Every structure is written in structure tokens, then in C-alpha cells.
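Beneath this line is the structure, given in C-alpha cells, with notes to follow.
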Amino acid sequence: TSDFADSYLYDNEIIYLSIYSPVVIASLTKSRINEISKCSNIRSMDYYCDNVEENADEKQEDIDSRSSTDTGYSMAYLKQYLGINDLISCVGSHGEEIIVGVIDEGQPIIQYLREFGLDETFDMNDHVCYAQERRHPGHVLEIIHSIIPDAYFYYTTYRLVNDNDTHTLIEEIDWLLSKNVDVINCSMHLSSQSPQGVYDNYSTYGCIAEYWDYITREYGVTIIQSAGNSRPDTNENFVDYGVCSGAMAYNIITVGNYNVQTHELDETSQYYQGSIWTNKPDVCAPGHIIFTDMLHDKGTSYSAPIVAGIAGLIISYYNSIILPYEVKSIICASCNQHNYSSNNMNFIKYGTGVVDAYYVRQILIADQQLSNTIEYEDYSRTYTFWFDTPDYSYMDIVLTYEKKFIEGVGFDIANLDLYLYDSDGYLITSSTSTKNNLEVLINIPPQYGYMILEVRQTETVPNDNTVGEEDLAVFYSISWKMH
């Protein structure tokens, strides 16, 4: 990063050099953007306006609390509804030793944090100008704290307040990484502009998404991102609207808002079913909450921290020796699918379904998760599932694998698919998406004897000896549940 900056940027243009990732933040004119964008060393390039829309905080809160016909729910109720209390009993802790990073807009109201018990285990970045106090970040923190109250919390914001502020999203995430966080929750809308001026507000895999993927891979941080709440009620097709660009990262967990009362995706919750990037969200969770201050609010902003809290419990169970794609496979495998079959288009709207901590508990107790690696020249790996009796109900299986960039090669280094066979070798079902790093087999009917699960690598990058084969290995995780 510093070598690139020394070669292509003037000192007065440099705002921030990331110490954790190959990212440079600079203040550039349009002509300099055009000049530098031609550099072969640049993988991708986005730019951001440094002006803040007037009353943006109030507008965001208005989006989060958009009118609704359903009733808000307390976290005490949702912890019971989602089986979180059972998971806490299984884990045997409330998040001790877990470090949570939260990035949001504005400063949480400190007195409010104290009201629900977040005081001594909380720290804010004091090098940031927070502009004004807001309820939104306090509500996000309250949800996570209600699930893992013994975790330590670090909070920061990144919004540019005036021309003299140089803190950025990348700089603030670097600050969280310096605190060795296990989980980062981002319940804010992340989007950017390309050097050509194209606003990638929705469903574009840009610099922010690429940065999220880099962090999960290089530092083992599980990232939870809200999908966004700007879905128009009249647009049922939704192909062109999608989720905020930060939610398009492959290796993170993107969360939609599930309406508990209607058992449907909330009318404002965004999703993406386009043909280029991965489908989003990955999971859903309830997002209409009654808080300590007796206000009720809704949005994916409040769905995401529920998943962040569950992720913290999983990481605590494994004593932090678990990687983000493994956490993701467990959470996705736990989900209930209330409204779709494996081939129904609702799969796109709900991701793998509504997160259910009761099944997270089952997966942990029965050790229904495994991880492995497909090397560069491997075609497939197979696993045999034995069953003592044929009278179990149904089975769901989820495969997640790590996506990564390799210099000179590109992004999609492999495509893994799932095939399930009966004991006679006949295909029961398969999942063969061409663009997701998430494959799902749901509602597998009872089988006698055993089943054979095959993880098949259908595409690899040709190795011209410029890339080490260890870099081309694909790390994956499989989790399954009985229901």
C-alpha cells in the first residue's frame, strides 16, 4: 500500500493508508481520478462525496421505523422465540472473552447504554467526531448485548461531518481490527460511486464489498451486515434494486428483516436476485423490536445484531477457534424455511431462511459441522452419512466456502457444488448455483441406511505457474440439521 502511494500519489492527496488491507483513501480531482484509474496496479476504485445530506440521520431513522402493520417484540420474547436461551445454556456463557465491534452512524446515547447495563465493557473511538447523539446505534448495541452481555464492545462511526474530518470507513474498521474483534456488526447503509460517476447504491460488488471479503479471509472476523430497508412496496420484481453494495460481499452474513406476525419478508427489506453477483440476503431475522426506552423500531438494522449475537455465542462455544465461513455454515444450516421449497424463488428473498438458535444448539451438541479443503487439482470430496434408524424427519445441509482474490488471477477461483446420493448411488438432490459461495439442500426425506454427500469442484483457474497451488485451495464448511 505504501509503495503504491509513493509511486502514484502526492503527499497532500493521501488521506489514509490502511495498515490491515491494500486500501488507500485519497482526495483527488476528476482528472487525477481518470489518470490513476488507468494504473494496472489498481484492482478496483470507488469514490465518495464528502458532503453529508442535510438531516441524513433523521431520514435514516425514518427509513428504519417505516410504518408497519405488525407489532414490535421485546428481546426477551425473541430470545425465547428464536431458541437463543437454549443456545446460551448449551454454550454455558454469555459471550465471555468475545470482542464485538459495532460501526454505525452518530454517537449512542451514553445514559441509554447504562440503562441496559452496557457501561464498563464498552469503549468508543475517541479520535472520531460523532456529530450528534442518536438512538439507532444504542438500539443496535442493546440487541447484541441482550444476547451476549459479557462480551466487550468497541464502537465507532465513519461519517464525514465536515471538510476537516479525515476519518473514513476503512480507517474506522482498521481501528476495530486493532482491538482484535471477533465479530463486526454493521447496521448502516454502505454504498459508493465509481470513478465514472455510476452510483452503485444497490447490488454492485464494489470496493466496500471487496474490503469486507478481504477482512473475513485475512483476519478471521465474522461480519454481519444489514441488507437495507429501501425496498419499494410496488416493485415486486426487485431485480434492479437489491441490497446496499456493502451487503454484496460473499464471505459475510447479510441479514434481511423477517416479519414475525405475517411470516413473510418485511415489505421494506431488500434482497437481490440478479444474474451477476451472489444472491442476498443469506439469512433473515426478526427486525421489529421494542427497546428499553419503550420505543419500537424496525428494519434490517435490528435483524443484523440478532445474528451478530448468535455468531458471538458460536465463537464463544469454539473458544474463538472457528473461521467466518464455518460460522456462516452453522447459522445458515440452522434456518427455518417457512415459505419455500429448494426450487422456489422465495429462496432468494429469505436467503436460507429465518435463523433459529435452537438448531444452532443441535449442530453444536451433535457436532454436525465439518471443514475441509479442496486442493487445486482435486475434483471432489465425498462424505458418508450413516443413520441408525430411518425414522428421523428431514435433513438440511449447507455448504459455504471462502471466496478470495488472487493477484493476477481474479476473484472466482473455484465453484463448489453439492450432490447427495442414496446408498445405491442414485442422486437424491443437488445444489449447483454458479455464482453463490453458498449451496443449500433442504427438506431431504428419510433414507434407509446411509447417504453419500459429494462436494464437487466444477471450475478452477488454470495454473500457469504464476500462482502457488496453496493459494488456489478452497476452504469450505458443511453443516447440517435434523428437523
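Just so it is clear, the values below take in all heavy atoms, side chains as well, and ignore hydrogens, waters and symmetry mates. The chain is numbered in sequence order, starting from 1. Because the structure is predicted, anything quoted here is derived from the model rather than measured.
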Backbone of Ala249 reached by a side-chain donor or acceptor of Lys280 within 3.5 Å: yes
Do the non-hydrogen side-chain atoms of Leu453 and Tyr419 ever get within less than 4.5 Å of each other? no
Donor-acceptor side-chain pairing of Asn229 and Thr268 below 3.5 angstrom: no
Using the six-membered ring wherever Trp is involved, compare the ring planes of His145 and Phe153 and label them parallel, tilted or perpendicular (cut-offs 30° and 60°). tilted
Straight-line distance of Leu418 CG to Leu399 CG, nearest 0.5 Å: 4.5 Å
Dump the intermediate steps for side chain to side chain contact (heavy atoms under 4.5 Å, CB included) on Leu87 and Val91, then the final yes or no. CA-CA 6 Å; Leu87 178 58; Val91 172; 3.9 Å; yes
Measuring only between side-chain heavy atoms, which start at C-beta, is Tyr155 closer than 4.5 Å to Leu141? yes
Check the orientation of His483 and Tyr359. Use parallel for under 30°, tilted for 30 to 60°, and perpendicular for over 60°. perpendicular
Would you call the rings of Tyr325 and Phe475 parallel, tilted or perpendicular if under 30° counts as parallel and over 60° as perpendicular? tilted
For a 4.5 angstrom cut-off between non-hydrogen side-chain atoms, does Ile374 reach Val455? yes
Any donor-acceptor N or O pair under 3.5 Å, side chains Thr400, Ser477: no
With heavy-atom distances below 4.5 Å as the criterion, would you say the side chains of Leu420 and Leu427 are in contact? no
Take Leu82 and Ile306 through the test side chain to side chain contact (heavy atoms under 4.5 Å, CB included) and record every step on the way to the result. CA-CA 10 Å; Leu82 296 173; Ile306 289 178; 3.8 Å; yes
What's the shortest heavy-atom distance between Asp417 and Thr432, and which atoms? OD1-CA, 3.3 Å
Non-hydrogen atoms of Pro108 and Phe122 that approach each other most closely: CG-CZ, 4.2 Å
Kindly assign one of parallel, tilted or perpendicular to the pair Tyr112 and His139, based on the angle between their ring planes and the thresholds 30° and 60°. perpendicular
Quick one: CD1 on Ile478 to CG on Leu370, what's the gap to the nearest 0.5 Å? 4.5 Å
Under 3.5 Å: donor-acceptor pair, side chain of Ser320, backbone of Ser316: no
Checking Lys481 side chain against Cys335 main chain: does a donor-acceptor pair fall under 3.5 Å? yes
Indicate whether any N or O donor in one side chain lies under 3.5 Å from an N or O acceptor in the other, for Asn259 and Glu264. no
Would you say the side chains of His296 and Tyr73 form a donor-acceptor pair under 3.5 Å? no
Examine the side chains of Tyr302 and Asp297 and answer whether a donor and an acceptor come within less than 3.5 Å of each other. yes
Test log, rule side chain to side chain contact (heavy atoms under 4.5 Å, CB included), inputs Ile314 and Lys328: CA-CA 10 Å; Ile314 295 171; Lys328 184 173 181 176; over 6 Å; no
Quick one: side chains of residues 221-228, donor-acceptor pairs under 3.5 Å with protein atoms, not counting sequence neighbours, listed by atom name and distance.
{"unit_1": "Gln225", "atom_1": "OE1", "unit_2": "Trp212", "atom_2": "NE1", "d": "3.3"}
{"unit_1": "Gln225", "atom_1": "NE2", "unit_2": "Cys186", "atom_2": "O", "d": "3.4"}
{"unit_1": "Gln225", "atom_1": "NE2", "unit_2": "Met188", "atom_2": "O", "d": "3.1"}

Contact between Asp282 and Val255 at the side-chain level, heavy atoms closer than 4.5 Å - yes or no? no
Just checking, any donor-acceptor pair under 3.5 angstrom between side chains of Glu172 and Thr156? yes
How many angstroms lie between OG in Ser329 and CD1 in Ile397, if you round to the nearest 0.5 Å? 12.0 Å
So Pro22 and Tyr214, do their side chains get closer than 4.5 Å, heavy atoms only? yes
Locate the shortest heavy-atom distance separating Ala308 from Ile144; write the atom from each residue and the value. CB-CD1, 4.2 Å
Indicate whether the side chain of Thr157 and that of Gln107 have a donor and an acceptor atom separated by less than 3.5 Å. no
Of all heavy-atom pairs linking Gln368 and Trp480, the shortest is NE2-O, 2.7 Å
Tell me yes or no: between the side chains of Glu402 and Tyr250, is some donor less than 3.5 Å from an acceptor? no
When rounded to the nearest 0.5 Å, the distance separating CD1 of Ile147 from CD1 of Ile98 is 13.5 Å
Please report the shortest heavy-atom distance between Ala285 and Val307, naming the atom on each side. CB-CG2, 4.0 Å
Audit row: Met75, Ile289, side chain to side chain contact (heavy atoms under 4.5 Å, CB included) steps and yes/no: CA-CA 7 Å; Met75 278 305 300; Ile289 317 294; 4.0 Å; yes
Whether the side chain of Asn251 engages the backbone of Lys403 through a donor-acceptor N/O pair (distance < 3.5 Å, no angle test) should be reported. yes
Going by side chain to side chain contact (heavy atoms under 4.5 Å, CB included), Asn257 matches just one of Pro286, Ser301, Ser269, Cys284. Which one? Ser269
Given side chains that start at C-beta, do those of Asn415 and Tyr401 come closer than 4.5 Å, heavy atoms only? yes
Say you draw a straight line from OH of Tyr358 to CD1 of Ile363; how long is it, rounded to the nearest 0.5 Å? 11.5 Å
Between Ser18 and Ser21, do the side chains contain a donor N or O and an acceptor N or O under 3.5 Å apart? yes
Checking side-chain polar atoms at under 3.5 Å, does Ser334 have a donor or acceptor matched by the opposite partner on Asp356? no
Donor-acceptor check, side chain of Tyr219 to backbone of Tyr20, threshold 3.5 angstrom: yes or no? yes
Identify the heavy atoms of Ile365 and Cys90 that sit nearest to each other, and give their distance. CG1-SG, 3.6 Å
At what distance, to the nearest 0.5 angstrom, does CG of Leu118 lie from OG1 of Thr292? 11.0 Å
I'd like to know if the side chain of Glu326 pairs up with that of Ser371 as donor and acceptor (distance under 3.5 Å, no hydrogens or angles considered). yes
Report yes or no: do Glu439 and Ser433 form a side-chain donor-acceptor pair below 3.5 Å? yes
Side chain proximity check, Thr373 to Tyr476, heavy atoms < 4.5 angstrom: no
Side chains of Ser187 and Asp104 only: does a donor on one sit below 3.5 Å from an acceptor on the other? no
